[in-house]
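Everything numeric here is computed off the predicted structure, so don't read it as measured data.
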Amino acid sequence: KGIDCVICGDALDSYIFDVIKAISDHLADSLTIHTLAARFHVSESKLKQDFTATTGITMKRFTTQLRLRQARSMLRNTDLDVAEIAYRCGFSGESHFIDVFHKHAGITPGKFRKDEKAHV
């Protein structure tokens with residue numbers, strides 16, 4: 001399961017859909033589980049459990065996947081530098097973004113951008 005599967009099943013009938021929207025709307029912000037749990041009046045453990053049960057992935061994994069999806073789009077469609085993209089996608093810094101991107105994509109953001117531009 002992954003980000004494409006999160007709005008299926010019980011998510012449409014649950015507060016988790018609103019949690020997903022809050023995460024999506026505030027991707028560049030550091031929304032913590034504590035903040036989200038307080039906003040939706042549940043305990044942190046309940047929020048984590050409900051999120052994973054509804055989406056099939058953890059909130060951390062969901063947020064990372066969403067940030068990486070946005071970053072790939074920005075690398076393809078803007079001329080913003082990697083540091084600015086990292087900031088706008090909610091990563092703690094450029095080096096953290098590069099590490100996470102490389103771990104998930106197998107290449108650096110710069111190489112990804114270069115490869116994408118070569119295919120246009």
Looking at [Y], is its backbone amide N or carbonyl O close enough to the side chain of [X] to form a donor-acceptor pair, meaning the two atoms are under 3.5 Å apart?
X	Y	result
Asp81	Ala83	yes
Thr35	Leu31	no
Arg61	Gly56	no

So, for [X] and [Y], which heavy atoms are closest and what is the spacing to 0.1 Å?
X	Y	answer
Thr108	His102	N-CD2, 3.8 Å
Lys117	Asp79	NZ-OD1, 3.5 Å
Gly93	Ala86	O-CB, 3.9 Å
Arg88	Leu80	NH1-CD1, 3.4 Å

Calculate, to the nearest 0.5 Å, the distance between atoms [atom1] and [atom2] belonging to [X] and [Y] respectively.
X	Y	atom1	atom2	result
His26	Leu36	NE2	CG	9.0 Å
Ile23	Met59	CD1	CE	4.0 Å
Glu94	Glu84	CD	CD	11.0 Å
Ser43	His34	OG	NE2	12.0 Å
Asp115	Lys111	CG	NZ	3.5 Å
Gln49	Thr54	CD	OG1	10.0 Å

Could you tell me if the side chain of Phe97 sits less than 4.5 Å from the side chain of Pro109, heavy atoms only? yes

Angle between ring planes, Phe112 versus Phe101, binned at 30° and 60°: parallel, tilted or perpendicular? perpendicular

Checking side-chain contact (heavy atoms from CB on, under 4.5 Å) for the pair Ile57/Gln65: CA distance, chi angles, key distance, verdict? CA-CA 10 Å; Ile57 58 175; Gln65 288 179 356; 3.7 Å; yes

Evaluate Phe62 against Thr55 for side-chain contact (heavy atoms from CB on, under 4.5 Å), listing each step before the verdict. CA-CA 9 Å; Phe62 171 80; Thr55 66; 5.7 Å; no

Do you reckon Phe51 sits in the same ILVMFWY cluster as Leu66, going by side-chain contacts under 4.5 Å, direct or chained? yes

Taking a hydrophobic cluster as the set of Ile, Leu, Val, Met, Phe, Trp and Tyr residues connected by side-chain heavy atoms closer than 4.5 Å, whether directly or through intermediates, do Ile98 and Phe91 fall within one such cluster? yes

Salt-bridge contact Lys103-Asp99 (side-chain N to carboxylate O under 4.0 Å): no

Set out, in order, the CA-CA distance, both residues' side-chain angles and the distance that settles side-chain contact (heavy atoms from CB on, under 4.5 Å) for Arg67 and Leu27, then state yes or no. CA-CA 7 Å; Arg67 286 178 171 154; Leu27 203 56; 3.5 Å; yes

OH/Tyr87: more than 12 non-hydrogen atoms of other groups inside 6.0 Å: no

Lys21: which residues meet the salt bridge (charged side-chain N to carboxylate O under 4.0 Å, His left out) condition with it, sequence neighbours left out? Asp25

For the pair Ile16 and Leu47, evaluate side-chain contact (heavy atoms from CB on, under 4.5 Å) and give the outcome as yes or no after the intermediate values. CA-CA 8 Å; Ile16 296 301; Leu47 175 57; 4.0 Å; yes

